[in-house]
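Step one of this worksheet: look at the structure below.
Only heavy atoms go into these numbers, but all of them, side chains included; no hydrogens, no water, no symmetry mates.
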Amino acid sequence: MTSNTPIQEDPSPILACTVCRDVQNFELLIVDMEETLGEQWGDLSFNDALQFFDQPDAQSLEFIALAIDDYDEDNLSQLMEVISAAKGRGIRTILIAEDVTPASLHKLLRHGADEFVPYPLPSGELNEVIERLRAPDPQPQSVEIPVTQAVQQTEAPAVVLQNGGQSREGVVIATHGLAGGTGATTLAVNLAWELVKADKQDIPSVCLIDLDLQFGSISTYLDLQRREAVFELLSDTEGMDADSFGQALVQYDEHLHVLTSPTDMIPLDLVSSEDIERILDTARRHFDYVIVDMPSTLVQWSETVLNAAHVYFATLEIDMRSAQNTMRLKRALQAEDLPFEKLRYVLNRSPKFTDLAGKSRVKRLAESLDISIDVLLPDGGRQVMQGSDHGQPLAVSAPKNPLRKEIAKLAVNLHSLDQTDPKAA
């Protein structure tokens, strides 16, 4: 059904509507809507949607598919108005987006959109989202909750940390982007997940810590809820124990636990070197691997993480900004007599094997900076961005992606080194 078909002429109740600037820009969405709903859907513009919600025909609506692209980012206020109007009438919103910035997606989702699907739509994804929206909410269990715990129970259950009374002395691995968009967070998230899967016989426990306290996005990459307890933990690490640390963690998988960035943006100097040291020590006692995603900015506690890390990955690309920042970082660490030799340089979006000119550029880059590029990661393409927007590691969203395969190899190598000699990792 297209925008040329009046909604009033359909004798069947309208169960859904696409809401967009021009539905013809989303031909695959039209196909999916027809396959899923037959003739029980319609198409509306942004202005028409606000008027239609007040009509009797809108009472049968289950959801709207709000389809947008980069041209609609200048009109976010109207999009949020559509979402609010639908939510006020009990109509769910599925956000269909193409080439929209993460900041705009985050704003629309925070404003009340229920689900997000990237465009072009993955096969069968729209049908799965609709089934999730139609699924009844789980019935609450009649369990008496003490008043002091009532607020905590609105969030995800606390993680109970158990290590059998023995310290694990987990391996600390840090990732640090030497320029924006060089893939440090992508590496941290996917490396953490691949380490969980590195040994099927004795599955390692992994703690992923987001220390980018202002713009950390690990919670978005894994679709996890940020906990208020994170700020409380950072504010009082002296009183931290296993219970309070576990209360701040959220689980993505039985063996992957995440300390997200705080719910609100906080100054990087709110925490001290001693605070970070206590957090890392606690994490190491309870997990086999501790993956730390660092802010690109150097702060007073950057030295703490560098000293604690067994491996410190610095991600860069073949461009002038990465080269300049690498040289500046080397000079800063050498001036303070810090162990810059711990840095393991990771080249993201590296040239393909057959790109001889690109490989020559990599060699010249390493020689000019007097560094050794230890890890070459291929360009994963759009699947990388789509996987993070889906809130899934690449192993789940795109298992055959070349970037995922290289990170999986890296995880296996790190795990094998750790099993042979923990200090060698």
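Under a 3.5 Å cut-off, the side chain of Ser235 and the backbone N or O of Phe231 do form a donor-acceptor pair. No side-chain donor-acceptor contact under 3.5 Å links Lys342 to the backbone of His310. A donor-acceptor pair under 3.5 Å links the side-chain atoms of Arg404 to the main chain of Pro399, judged by distance alone. The backbone N or O of Leu44 lies less than 3.5 Å from no partner atom in the side chain of Asp48, so there is not a single donor-acceptor pair. Using a distance-only test at 3.5 Å, with no hydrogens or angles considered, no donor-acceptor pair links the side chain of Ser296 to the main chain of Gly177. Judged by distance alone, the side chain of Thr237 and the main-chain N or O of Met240 form no donor-acceptor pair under 3.5 Å. Asp275 contributes a side-chain N or O that, together with a main-chain N or O of Ser272, makes up a donor-acceptor pair within less than 3.5 Å. A side-chain donor-acceptor contact under 3.5 Å links Thr282 to the backbone of Arg278. For the pair Asn190 (side chain) and Leu394 (backbone), a donor-acceptor distance under 3.5 Å is present. In this structure, Ser60 contributes its side chain and Asp57 its backbone to a donor-acceptor pair below 3.5 Å.
Within the structure, the salt bridge (Lys or Arg N to Asp or Glu O under 4.0 Å) test picks out the following pairs touching residues 111-122 (sequence neighbours left out): Arg92-Asp114, Glu115-Arg132. Under the salt bridge (Lys or Arg N to Asp or Glu O under 4.0 Å) criterion, no residue pair touches residues 214-224, with sequence neighbours excluded. Applying the salt bridge (Lys or Arg N to Asp or Glu O under 4.0 Å) definition to pairs two or more places apart or across chains, those involving residues 290-318 are Glu317-Arg349. For residues 375-387, the salt bridge (Lys or Arg N to Asp or Glu O under 4.0 Å) pairs, not counting sequence neighbours, are Asp99-Arg382.
Environment of NZ in Lys87: sparse, with no more than 12 heavy atoms of neighbouring residues, nucleotides or ligands closer than 6.0 Å. More than 12 heavy-atom neighbours from other residues, nucleotides or ligands sit within 6.0 angstrom of CD on Gln214. Atom NZ of Lys107 sits in a sparse spot, with 12 or fewer heavy atoms from other residues, nucleotides or ligands closer than 6.0 Å. Within 6.0 Å of CE on Met320 lie no more than 12 heavy atoms contributed by other residues, nucleotides or ligands. Atom CZ of Phe46 has more than 12 neighbouring heavy atoms from other residues, nucleotides or ligands inside a 6.0 Å radius.
Scanning for side-chain hydrogen bond (donor to acceptor under 3.5 Å, both in side chains) contacts around Thr182 gives Thr315, with sequence neighbours left out. Tyr252 is linked by a side-chain hydrogen bond (donor to acceptor under 3.5 Å, both in side chains) to nothing, counting only residues two or more places apart in sequence or in another chain. By the salt bridge (charged side-chain N to carboxylate O under 4.0 Å, His left out) test, Asp32 is found to be paired with no residue, residues two or more places apart in sequence or in another chain being considered. Legend: residues meeting side-chain hydrogen bond (donor to acceptor under 3.5 Å, both in side chains) with Gln300, ordered by chain and number and at least two apart, are absent. Contacts of Asp69 classified as side-chain hydrogen bond (donor to acceptor under 3.5 Å, both in side chains), with partners at least two apart in sequence or in another chain: Arg21. The salt bridge (charged side-chain N to carboxylate O under 4.0 Å, His left out) search around Arg89 returns Asp54, not counting sequence neighbours. Scanning for ring-ring contact (aromatic ring centres under 6.0 Å, His included) contacts around Tyr119 gives Phe26, with sequence neighbours left out. Legend: residues meeting side-chain contact (heavy atoms from CB on, under 4.5 Å) with Glu81, ordered by chain and number and at least two apart, are Leu50.
Aromatic rings of Phe313 and His176 (six-membered ring for Trp) have centroids beyond the 6.0 Å cut-off, not under it.
A side-chain contact (heavy atoms from CB on, under 4.5 Å) with Arg227 is found for one member of Val250, Thr263, Leu233 and no other, namely Val250.
Taking 4.5 Å as the limit, some side-chain heavy atom of Ile30 sits within range of a side-chain heavy atom of Val23. Between Leu256 and Trp193 the shortest side-chain heavy-atom distance falls below 4.5 Å. Side-chain contact check for Pro204 versus Leu195: every heavy-atom pair is 4.5 Å or farther apart. With a 4.5 Å cut-off on side-chain heavy atoms, Asp212 and Thr185 do not count as touching. Using a 4.5 Å heavy-atom cutoff, the side chains of Tyr221 and Thr186 are in contact. When side chains are defined from C-beta on, Ile203 counts as touching Val196, because their heavy atoms get closer than 4.5 Å. Contact of the Leu15 side chain with the Phe63 side chain is not registered, since no non-hydrogen atoms from C-beta on lie closer than 4.5 Å. By the 4.5 Å heavy-atom criterion applied to side chains, Ile68 and Cys20 are not counted as neighbours.
Looking at every heavy atom in both residues, Ala308 comes nearest to Val172 through O-CB, 3.7 Å. Taking each heavy atom of Ser261 and Asp210 in turn, the nearest pair found is N-CB, 3.7 Å. The two residues Pro351 and Val362 make their nearest non-hydrogen contact at CD-CG2, 3.6 Å. Of all heavy-atom pairs between Pro262 and Leu213, the closest is CD-O, 3.7 Å. Across all their heavy atoms, Val19 and Ala49 have their closest contact at CG1-CB, 3.9 Å. Shortest non-hydrogen contact noted between Ala179 and Arg321 is CB-NH1, 3.4 Å.
A salt bridge is defined here as a Lys NZ or Arg NE, NH1 or NH2 lying under 4.0 Å from an Asp or Glu carboxylate O, and Lys409 with Glu406 meets this definition. Using a 4.0 Å cut-off between charged nitrogen and carboxylate oxygen, Asp281 and Arg284 do not count as a salt-bridge pair.
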Apply salt bridge (Lys or Arg N to Asp or Glu O under 4.0 Å) to the pair Lys352 and Asp355, showing each step before the final yes or no.
CA-CA 5 Å; Lys352 295 182 179 180; Asp355 186 358; over 6 Å; no
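Side chains of Glu73 and Thr101: a donor on one and an acceptor on the other come within 3.5 Å. Between the side chains of Ser84 and His111, at least one donor-acceptor pair of N or O atoms lies under 3.5 Å. A side-chain N or O of Thr18 and one of Asp43 form a donor-acceptor pair less than 3.5 Å apart. Using modelled atom types and a 3.5 Å distance limit, the side chains of Gln78 and Asn75 yield a donor-acceptor pair. No side-chain N or O of Arg226 forms a donor-acceptor pair with one of Thr260 less than 3.5 Å apart. Counting only N and O atoms by type, the side chains of Ser360 and Arg364 include a donor and acceptor under 3.5 Å apart.
A distance of 11.5 Å separates CD of Glu194 from CG of Leu414, quoted to the nearest 0.5 Å. Rounding to the nearest 0.5 angstrom, the gap separating the CG atom in Leu187 from the CG atom in Leu403 is 8.5 Å. Summarising the geometry, atom CZ belonging to Phe53 is positioned 13.5 Å from atom CD belonging to Gln59; distances are rounded to the nearest 0.5 Å. From Ile91, atom CD1 reaches atom CG of Leu133 across 12.5 Å, with rounding to the nearest 0.5 Å.
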